[in-house]
Amino acid sequence: MQRYFGEIFEGRAILCEDDVFHLIKVMRGRVATEIEVVSNGKVYLCHIEKMKPLIIRVQGEISEDRELKSDVILIMAPIKGDKTALVLQKATELGVREVVLLHTSRTVVNFNHRDLIDKLSRFRKILKEAAEQSQRIHIPTISYLDDIAKLASIRADHKLIAYEQQSGPTSGLNKILKSLKKQERIAIVIGPEGGFAPEEIEVAKSCQYIPVSLGHRILRAETASIYALCVIANALEN
């Protein structure tokens with residue numbers, strides 16, 4: 001069943017213009033077509049009552065819980081090409097609650113002010129569509145930090161940074177994940193294609209981030225993000 005994020009008002013579901021187009025033109029929605037609409041963290045079963053004007057009537061609330069028991073924050077350096085979009089999509093499917101794009105000394109992708117506004121708008125659309133596809137009840141938020149020292153502003157109970165010079169056994173990461181409790185927030189930092197400069201690791205450590213290994217192999221930036229989130233999600237789901 002198709003899922004959309006919208007607003008519920010006086011027993012009716014209100015969708016944005018893009019979602020109305022998708023429902024009617026792409027999915028060929030007709031009178032009696034049922035959809036799910038998420039509003040304020042709640043899921044509602046709805047149906048199309050009338051086409052012109054479009055009226056989507058609420059039938060009832062659906063009880064479900066597809067979210068992870070702890071908030072996961074992915075902090076990643078933007079990656080060239082469409083790889084950032086790929087990571088955002090997969091991160092949403094894996095349950096991430098927040099994404100922070102981080103500029104580092106070796107980040108290949110640089111945003112000026114205008115680029116940043118346009119990119120964040122595009123990325124928010126990708127996050128929304130991925131949240132609908134994966135049946136989430138929350139759309140991950142996204143923001144941007146232009147200095148690694150600003151990692152100190154991230155609120156989390158557990159702060160990790162994946163560091164290629166720390167490659168080897170993942171016992172440190174596993175130990176932290178085993179100590180996770182419900183409702184605790186965990187942040188994981190993934191570097192750019194060229195990795196972190198040594199001084200950046202020192203800055204991160206001063207912000208209470210713990211260097212961890214993601215295994216014996218050196219992973220591409222996009223692989224590292226997806227792999228780390230898989231490991232964290234698996235620990236939280238079990």
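Values reported hereafter were calculated over all heavy atoms of this structure, with side chains retained and with hydrogens, waters and symmetry mates removed.
No more than 12 heavy atoms of other residues, nucleotides or ligands sit less than 6.0 Å from atom CD of Glu17. Other residues, nucleotides and ligands contribute more than 12 heavy atoms inside 6.0 Å of the CG atom of Asn110.
Transitive grouping of hydrophobic side chains (ILVMFWY, heavy atoms separated by less than 4.5 Å) keeps Ile14 and Leu54 in distinct clusters. Taking hydrophobic clusters as Ile, Leu, Val, Met, Phe, Trp and Tyr residues chained together by side-chain heavy-atom distances below 4.5 Å, Leu45 does not share a cluster with Leu23. Cluster membership for Ile55 and Val20, using ILVMFWY side-chain heavy atoms within less than 4.5 angstrom, is not shared. The same ILVMFWY cluster, assembled from side-chain heavy atoms under 4.5 Å apart, contains both Leu68 and Ile139. There is no path of hydrophobic side-chain contacts, each under 4.5 Å, that joins Tyr4 to Ile126.
Counting all heavy atoms, side chain and backbone alike, Lys159 lies closest to Ala152 at NZ-O, 4.2 Å. Across all non-hydrogen atoms, the minimal contact from Gly191 to Ala77 is C-CB, 3.9 Å. Taking all atoms of both residues into account, the shortest heavy-atom contact from Ala13 to Val58 is N-CG2, 4.3 Å. Contact record, Pro140 with Leu127: O-CD1, 3.5 Å, taken as the closest heavy-atom pair. Considering all non-hydrogen atoms of both residues, His138 and Gly41 come closest at CE1-CA, 4.1 Å. Taking both residues in full, the closest heavy atoms of Ala228 and Leu214 are given as CB-CD2, 4.2 Å, listed atom of the first, atom of the second, then distance.
Between His158 and Leu180, some side-chain heavy-atom pair lies under the 4.5 Å cut-off. Residues His22 and Met27 meet the side-chain proximity criterion, which asks for heavy atoms closer than 4.5 Å. Annotation: side chain of Leu145 is in contact with side chain of Ser153 (closest heavy-atom distance under 4.5 Å). With a 4.5 Å cut-off on side-chain heavy atoms, Ile154 and Val189 do not count as touching. You'll find the side chain of Glu67 reaches within 4.5 Å of the side chain of Ile137, heavy atoms only. Side chains of Arg185 and Ile73 form a contact here, defined as non-hydrogen atoms less than 4.5 Å apart. Residues Leu74 and Ile188 are in side-chain contact: their nearest non-hydrogen atoms beyond the backbone lie under 4.5 Å apart. Annotation: side chain of Arg106 is not in contact with side chain of Phe196 (no heavy-atom distance under 4.5 Å).
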**Request:** Apply side chain to side chain contact (heavy atoms under 4.5 Å, CB included) to the pair Leu116 and Leu101, showing each step before the final yes or no.
**Result:** CA-CA 10 Å; Leu116 182 59; Leu101 300 179; 5.7 Å; no

**Ile186 and Leu177: CA distance, side-chain angles, deciding distance, side chain to side chain contact (heavy atoms under 4.5 Å, CB included) verdict** = CA-CA 9 Å; Ile186 180 169; Leu177 294 179; 3.7 Å; yes

**From CA spacing to verdict: side chain to side chain contact (heavy atoms under 4.5 Å, CB included), Val72, Leu236** = CA-CA 10 Å; Val72 180; Leu236 291 173; 3.7 Å; yes

**Request:** I would like to know whether Asn234 and Cys230 meet side chain to side chain contact (heavy atoms under 4.5 Å, CB included); could you show each step before the answer?
**Result:** CA-CA 6 Å; Asn234 181 66; Cys230 284; over 6 Å; no

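Under a 3.5 Å cut-off, the side chain of Ser134 and the backbone N or O of Ala130 do form a donor-acceptor pair. Put simply, the side chain of Glu64 never gets that close to the backbone of Val43: no donor and acceptor are under 3.5 Å apart. For Ser121 (side chain) and Ile117 (main-chain N/O), no donor-acceptor pair under 3.5 Å exists by modelled atom type. Proximity of a side-chain donor or acceptor of Thr92 to a complementary backbone N or O of Ala131 within less than 3.5 Å is not detected. Not a single donor-acceptor pair under 3.5 Å links the side chain of Tyr144 to the backbone N or O of Phe111. Between the Lys80 side chain and the Glu193 main chain, no donor and acceptor come within less than 3.5 Å of each other. In this structure, the side chain of Thr84 engages the main chain of Ile79 through a donor-acceptor pair within 3.5 Å.
Residue pairs meeting the ring pair (Phe, Tyr, Trp, His ring centres under 6.0 Å) criterion with at least one member in residues 34-66, sequence neighbours excluded, do not occur.
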For residues 29-38, dump all side-chain donor-acceptor pairs below 3.5 Å to protein atoms at least two apart in sequence or in another chain.
residue: Thr33; atom: OG1; partner: Arg30; partner atom: N; Å: 2.8
residue: Thr33; atom: OG1; partner: Arg30; partner atom: O; Å: 2.8
residue: Glu34; atom: OE2; partner: Gln59; partner atom: NE2; Å: 3.4
residue: Glu36; atom: OE1; partner: Arg3; partner atom: NE; Å: 3.0
residue: Glu36; atom: OE1; partner: Arg3; partner atom: NH2; Å: 2.7

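Taking NZ of Lys150 as the reference point, atom CG of Leu102 lies at 10.5 Å (rounded to 0.5 Å). Rounding to the nearest 0.5 Å places OH of Tyr227 at 10.5 Å from CD1 of Ile232.
The salt bridge (Lys or Arg N to Asp or Glu O under 4.0 Å) test applied to Glu202 returns Lys205, not counting sequence neighbours.
Salt bridge present: Lys128 and Asp19 bring a charged side-chain N and a carboxylate O closer than 4.0 Å.
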